Number of protein chains: 2
Amino acid sequence: MEEKAPATIKEFEERLIEVSEDLPKRLRQCADYVAASKDRIAVSTVAEMAEGARVQPSAFMRFCRILGFSGFSEMQRLFRDSYAGGWPDYSTRLKHLREKAEGSPSALLAEFVDVGRTSLENLLKTIDPKVLDDAVEALAKAEMIHIIGLRRSFPVASYIAYAFEKMNVPAMLHSGVGGLDNHNAIRPGDVLLAVTFSPYSAETVGMVEAAGARGLSVVALTDTIVSPLRKFGAITLSVSEVDFGAFRSLSATLCLAIVLSVAVGTKRSG
Amino acid sequence: MEEKAPATIKEFEERLIEVSEDLPKRLRQCADYVAASKDRIAVSTVAEMAEGARVQPSAFMRFCRILGFSGFSEMQRLFRDSYAGGWPDYSTRLKHLREKAEGSPSALLAEFVDVGRTSLENLLKTIDPKVLDDAVEALAKAEMIHIIGLRRSFPVASYIAYAFEKMNVPAMLHSGVGGLDNHNAIRPGDVLLAVTFSPYSAETVGMVEAAGARGLSVVALTDTIVSPLRKFGAITLSVSEVDFGAFRSLSATLCLAIVLSVAVGTKRSG
DNA sequence: AGCAAAATAGAACATATATTCCAAATTTCG
DNA sequence: CGAAATTTGGAATATATGTTCTATTTTGCT
């Protein structure tokens, strides 16, 4: 190996980027895995790293040399040594960031991370397993799933649409592009999955009402239990998200969206 | 061995305190050293730990057993697994859940909540405040912000677009609806904000390349540091998120997106 | 002080882990 | 299409590391 070994984590990263431009398949897998989980290097064996990268240990070995190390051990030493002092645990780091970096983007990040975490925690506490089951059941039986979610809910709706697509679940995203709302596409046997939050958008509510009137099942992803969607007989999954300023961290909502998607997807194919 | 091994760091600490009351000299040294540098356990050999405690390896060995472990290896495993909040192998755990279908939706939910929480925690650790500042700075100075993010990244892109809109930041979401890609809308003084993940979509990469070639600033929200966007000189914010197959828990990514939006929004109006 | 019990050091042994090597598969290039 | 070069998988080997054993020392007790 021509190059000499990186002496710091920074050098390591630079070398990793520099090298990973053109790399054969297996070695690329190594590069990707390492990039994604550098922190595992210090505490893993080659075998474990190789498994993580879905590669033979010998391949991972070769990868270490390309980076300039004599072998895995030498590379690992770099990470073990610089581990010194250890990573402060989450709570201290958070506090530190908040105090020290007041007003800076990093401080904001600390706040939002914290908000997101508590939201997720709450989600687990507030979701009723029975209702979740019902929702999955209903969606799994649908001929076709119609998804609606506008404005702030649109990211969630589009995520669900993407996931369904990937899992071959017939679904249609009603985005309202061009002011068209293809109400007619909704047919008996279909199910409507509506996502909406606090200033509940009229289109969404209208769509739920229409679907309810025609006797279709409706699954609603919304905040609080007093959401207007409830009165139309929808299966209502409520997520209470911690607000920070005017901005809603969608962590919990998106988490629930993924769960719904995956659960429905597997139930259908199983 | 009367007692059985501690299963968590907390249990470990309790046991350590409980035991260290009356201990022969050498073993006391072990206890003291371990108490002072628990974090070294994960990345050291018995020999190193023994040396640190000024004790023979065999003595340290005995110490491990007194704590209830079968040996040093078992004790080390505890620390290695829980290291850095430990990214246990979520992808395989989730795959099992999915395959066995034994996972009720609630079980899935619990997993994803956990995944989301660690992702967020990790985000806080890996984001470089300097780079975040640079990104905010660049975006705040832009005449107009062009946002691109397709497929799995689309929810994130659309969320950012929504937030900018709400904060009166001039921004344009390039969604590629109808196969149109309004390259010509991008003008000098504008900034491109690109969001893309692992199977990096060609359109996004192309757009970044074009913008870079014209000398425009580019901010990239991507995974791992080896993302192809890096080579075009983009300010790269990398988020490592657990994903398997089509499913990426976007918690961390969205969190970062909100932070960016809010920081840019306030900087502009301030 | 003298004896028994406990503790210790260090070497011997066992095991886990890294590393190397080479034949087979794949890709590249003429 | 075929030869050369590269890349890969897997078994073989070397090394580092954990673990156990026992003679020796220290401690505690009467």
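The structure presented is a predicted model; accordingly, all values stated were derived computationally and were not measured. Residue numbering restarts at 1 for every chain, and letters A, B, ... go by the order of the sequence lines.
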Requested in this report: Strictly below 4.0 Å, heavy-atom distances to any atom of DNA chain C: list the hits from residues 23-30 of chain B, or just say none.
Outcome: Pro24(B), Lys25(B), Arg26(B), Leu27(B)
**Report entry** Donor/acceptor link under 3.5 angstrom from Ser58(A) side chain onto base of dG9(D)
**Finding:** yes
Query raised in the report: Hey, are Arg40(B) and Glu48(B) close enough for a salt bridge, meaning a charged N less than 4.0 Å from a carboxylate O?
Result: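 Result for this pair is no, no salt bridge flagged.
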Query raised in the report: Taking NZ, NE, NH1 and NH2 as the nitrogens, is one of them in Lys10(A) or Glu13(A) under 4.0 Å from a carboxylate oxygen of the other?
Result: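 So Lys10(A) does not pair with Glu13(A) through a salt bridge.
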[atom1] of [X] versus [atom2] of [N]: gap in Å, rounded?
| X | N | atom1 | atom2 | result |
| --- | --- | --- | --- | --- |
| Arg77(A) | dT17(C) | CZ | C1' | 14 Å |
| Phe63(A) | dG9(D) | CZ | C1' | 18 Å |
| Met49(B) | dT19(D) | CE | P | 13 Å |

**Report entry** dT20(D) phosphate, OP1 or OP2, under 4.0 Å from Arg65(B) side-chain N/O
**Finding:** yes
Report task. Report yes if at least one side-chain N or O of Gln56(A) is closer than 4.0 Å to OP1 or OP2 of dT8(D); otherwise report no. Result ->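 No, because none of the side-chain N or O atoms of Gln56(A) sits under 4.0 Å from OP1 or OP2 of dT8(D).
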Query raised in the report: For the helix from dA1(C)-dT30(D) to dG30(C)-dC1(D), what is the angle between the axes at its two ends, each from 5 pairs, rounded to 10°?
Result: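 Helix axis angle between the two ends: 30°.
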Query - Closest-nucleotide 5' rank along DNA chain C - winner of Glu48(A) and Pro57(B) - result: Pro57(B)
Query - Val46(A) side-chain proximity, nearest of dT20(C), dA18(C), dA7(C) - result: dA18(C)
Requested in this report: Measure from the side chain of Arg62(A), starting at C-beta and using heavy atoms only, and say which of dA7(C), dT20(D), dT7(D) lies closest.
Outcome: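 For Arg62(A), the side-chain atoms sit closest to dT7(D).
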Query raised in the report: Considering only heavy atoms from C-beta outward, does the side chain of Ser119(B) approach that of Ser249(B) to under 4.5 Å?
Result: yes
**Report entry** Note, Ser44(A) side chain near Arg80(B) side chain (heavy atom, < 4.5 Å)
**Finding:** no
**Report entry** Mutual orientation of the aromatic rings belonging to Phe69(A) and Phe12(A) [parallel < 30°, tilted 30-60°, perpendicular > 60°]
**Finding:** tilted
Query raised in the report: Once the angle between the rings of Phe60(A) and Phe72(A) is folded into 0 to 90°, is it parallel (under 30°), tilted (30 to 60°) or perpendicular (over 60°)?
Result: perpendicular
